[in-house]
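To keep things clear, I will list the structure first and then write my remarks on it.
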Amino acid sequence: MASSIHCVSCSGFSFLMVGRFLQSGVTPRSLHSSGRRLHAASAAVAIRFRPLYVLLGTGGGYAGYKQYEDYKDRQLQRRGIDVPPRVANTWEVAIYKSVPTRLLSRAWGRLNQVELPTWLRKPVYSLYIWTFGVNMKEAAVEDLHHYRNLSEFFRRKLKPQARPVCDSHCVISPSDGKILHFGRVKNCEVEQVKGVTYSLESFLGPQNWTENLPITKTSFQDQLVTKEGNELYHCVIYLAPGDYHCFHSPTDWNVYHRRHFPGSLMSVNPGVARWIKELFCYNERVVLTGGWKHGFFSLTAVGATNVGSIRIYFDRDLQTNSPRYSKGSHNDMSYVTNNNQDGIVMRKGEQLGEFNLGSTIVLIFEAPKDFTFNLKAGQKIHFGEAVGSM
């Protein structure tokens, strides 16, 4: 189709050029030579753009196919049939990663900053509210005309009483969202959803934030456990586009170190998380590590498609989805200095950061063996509600 449109447009352009050449007294030979040059230039343009068409067409078509497969799986699950995860092949992951999601996410971020005319704000935001089920009665400002652009609307604040913080449990949910998985970390592998895992070391990166301490344990998982008799636990929370986009401190802890992994920005919705093994290791993420009263504690904000922007309120140097970083690398920031051995002190429920759209929060922490989760897989949870306690 694109080729035929291209040919028609080239033919029309050629006829127009012929008429002008005849009026100006151009000879047939020079006309033929000009036509050949025009055809060569048009062919060069077609060759230059064709890979983009193939890339977008292939990626879009395959994404549509996967959505259809996910829809069929959801229908089976509603009927009580357990559907085993269909893990993607290497070539399938390569096709998905070839889609320029970082570039598209940067473009989406710029679009979000465009100020909307006052008369257009209510129709645009109302459509979003209807599509994703946003509860504006919880917003600190319910008037849709107040939000100048989509970015301000996504990052809207809540009324103080909308999310009471649970005092009876030591770990609370840092955000609104859906519980994808939780439990103990086993054999240095973490489950992103049931049956699909990722490497703990690949996710957090090399343990050089404690490089001054002697390492006497062999496995990466054992190195993170600082107290005898403790275990390592994890919890994965998926933020949908309609959820509250800010995240908070899940407990009282000290943040010692920040590690930023530039990477892909693939979708992190539950269907894709069931499909791509080590999805969270491929995607851009910001890992905050530190300690709480029971030992090691970490919170990781994972980016996703159209969510290249991850903001940490106390870290102004952090810049995510920036072209200056290359995939596969990481950069570190220590919050511990000679004058500040405590790092960044966070209190349970304190504001920590925000996404520009839905994404994922991963908690990995050390706790005694009698720690129990107050959760069910797949449940909806709000910021401030209990995750677990001893």
Side-chain angles (χ1 to χ4, degrees), residues 165-175 177 179 181-186 188 190-191 198 200-201 203-213 217 219-237 247-261 280 285-302 310 312-315 318 332-336 340-353 360-375 381 383-390:
V165 175
C166 177
D167 293 327
S168 60
H169 289 71
C170 59
V171 181
I172 62 169
S173 176
S175 66
I179 301 297
H181 207 271
F182 62 91
R184 291 186 181 182
V185 177
K186 300 177 181 178
C188 295
V190 187
E191 285 192 300
Y198 57 93
L200 178 64
E201 185 171 5
F203 182 69
L204 296 178
Q207 190 195 5
N208 58 10
W209 58 80
T210 57
E211 56 187 2
N212 295 327
L213 299 177
K217 301 176 181 178
S219 77
F220 184 84
Q221 178 177 338
D222 290 340
Q223 292 173 22
L224 298 180
V225 179
T226 61
K227 297 183 179 181
E228 191 71 27
N230 280 2
E231 297 281 353
L232 205 61
Y233 299 86
H234 79 282
C235 180
V236 183
I237 305 170
F247 51 93
H248 301 244
S249 176
T251 192
D252 295 333
W253 66 307
N254 295 51
V255 185
Y256 299 142
H257 182 270
R258 180 260 289 166
R259 175 167 288 156
H260 171 215
F261 290 87
F280 298 156
R285 60 197 181 279
V286 176
V287 181
L288 300 178
T289 55
W292 69 320
K293 61 183 179 180
H294 299 294
F296 173 80
F297 199 96
S298 73
L299 180 149
T300 302
V302 183
I310 303 171
I312 304 298
Y313 293 141
F314 56 73
D315 192 339
L318 175 64
D332 294 340
M333 165 71 76
S334 176
Y335 301 125
V336 177
N340 178 22
Q341 294 295 314
D342 294 330
I344 306 296
V345 180
M346 298 297 301
R347 293 290 173 253
K348 185 168 65 173
E350 186 178 352
Q351 288 193 340
L352 183 54
T360 298
I361 295 285
V362 179
L363 303 178
I364 298 176
F365 56 93
E366 174 185 359
K369 290 183 178 180
D370 61 347
F371 180 89
T372 56
F373 285 98
N374 188 38
L375 301 172
I381 197 168
F383 153 62
E385 294 180 349
V387 166
S389 189
M390 270 64 73

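No experiment lies behind these values; they were computed from the predicted model shown.
Remark: Thr372 engages no residue in a side chain to side chain contact (heavy atoms under 4.5 Å, CB included) (not counting sequence neighbours). Considering only residues two or more places apart in sequence or on other chains, Arg184 meets the salt bridge (Lys or Arg N to Asp or Glu O under 4.0 Å) condition with Glu231. With sequence neighbours left out, the side chain to side chain contact (heavy atoms under 4.5 Å, CB included) criterion links Ser175 to Ile237, Leu239, Phe247, Ile361.
Counting only distance, with no hydrogens or angles, the side chain of Gln221 and the backbone of Val185 share a donor-acceptor pair below 3.5 Å. Looking only at distances, a side-chain donor or acceptor of Lys348 sits under 3.5 Å from a matching main-chain atom of His169. No donor-acceptor distance shorter than 3.5 angstrom exists from the side chain of Glu201 to the backbone of Cys188, with no hydrogens or angles considered. No donor-acceptor pair under 3.5 Å is formed between the side chain of His294 and the backbone N or O of Ala367. Between the side chain of Ser173 and the main chain of Glu385, no donor-acceptor pair closer than 3.5 Å is present. The backbone N or O of Phe296 lies less than 3.5 Å from no partner atom in the side chain of Trp253, so there is not a single donor-acceptor pair. Of the possible polar contacts, none joining the Thr251 side chain to the Val171 backbone as a donor-acceptor pair under 3.5 Å is found. A distance-only check finds no donor-acceptor pair linking the side chain of Asn254 to the backbone of Gly343 [under 3.5 Å].
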Stepwise side chain to side chain contact (heavy atoms under 4.5 Å, CB included) test for Ile179 and Cys235: CA-CA 8 Å; Ile179 301 297; Cys235 180; 4.1 Å; yes
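For the pair Met346 and Phe314, the tightest heavy-atom approach, listed with the atom from each and the gap, is SD-CE2, 4.0 Å. Between Ala386 and Ile381, the shortest heavy-atom contact is O-CD1, 3.9 Å. Contact between Asp342 and Tyr256 at its shortest, heavy atoms only, is O-CE2, 3.6 Å. Contact record, Glu191 with Val236: O-CG2, 4.0 Å, taken as the closest heavy-atom pair. When all heavy atoms are compared, the tightest approach of Leu363 to Pro250 is CD2-CG, 4.0 Å.
Arg258 contributes atom CZ, which lies 11.0 Å from atom CD1 of Ile344 (distance to the nearest 0.5 angstrom). The line from OG of Ser298 to CG of Leu232 is 8.0 Å long, rounded to the nearest 0.5 Å. For the atom pair Arg285 CZ and Thr360 OG1, the distance stands at 12.5 Å (nearest 0.5 Å). Here Lys369 contributes atom NZ and Met390 contributes atom CE; the two are 15.0 Å apart, rounded to the nearest 0.5 Å. For the atom pair Leu352 CG and Ser249 OG, the distance stands at 6.5 Å (nearest 0.5 Å). Taken to the nearest 0.5 Å, the CG atom of Asp252 stands 9.5 Å off from the CD atom of Glu350.
Asp332 and Arg259 are joined by a salt bridge, as a carboxylate oxygen and a charged side-chain nitrogen come within less than 4.0 angstrom of each other.
By the 30° and 60° cut-offs, the orientation of the rings of Phe203 relative to Tyr198 is tilted. Ring geometry for His234 versus His181: interplanar angle under 30°, hence parallel rather than tilted (30 to 60°).
Tyr335 and Asp315 share a side-chain donor-acceptor pair at under 3.5 Å.
The shortest side-chain heavy-atom distance between Leu299 and Phe365 does not fall under the 4.5 Å cut-off. Taking 4.5 Å as the limit, every side-chain heavy atom of Phe297 sits out of range of all side-chain heavy atoms of Val255. Two residues are said to be in side-chain contact when any heavy atoms from C-beta on lie closer than 4.5 Å; Thr226 and Asn230 fail this criterion. Contact annotation: the side chain of Thr300 never approaches that of Ile364 to less than 4.5 Å [non-hydrogen atoms, C-beta and beyond].
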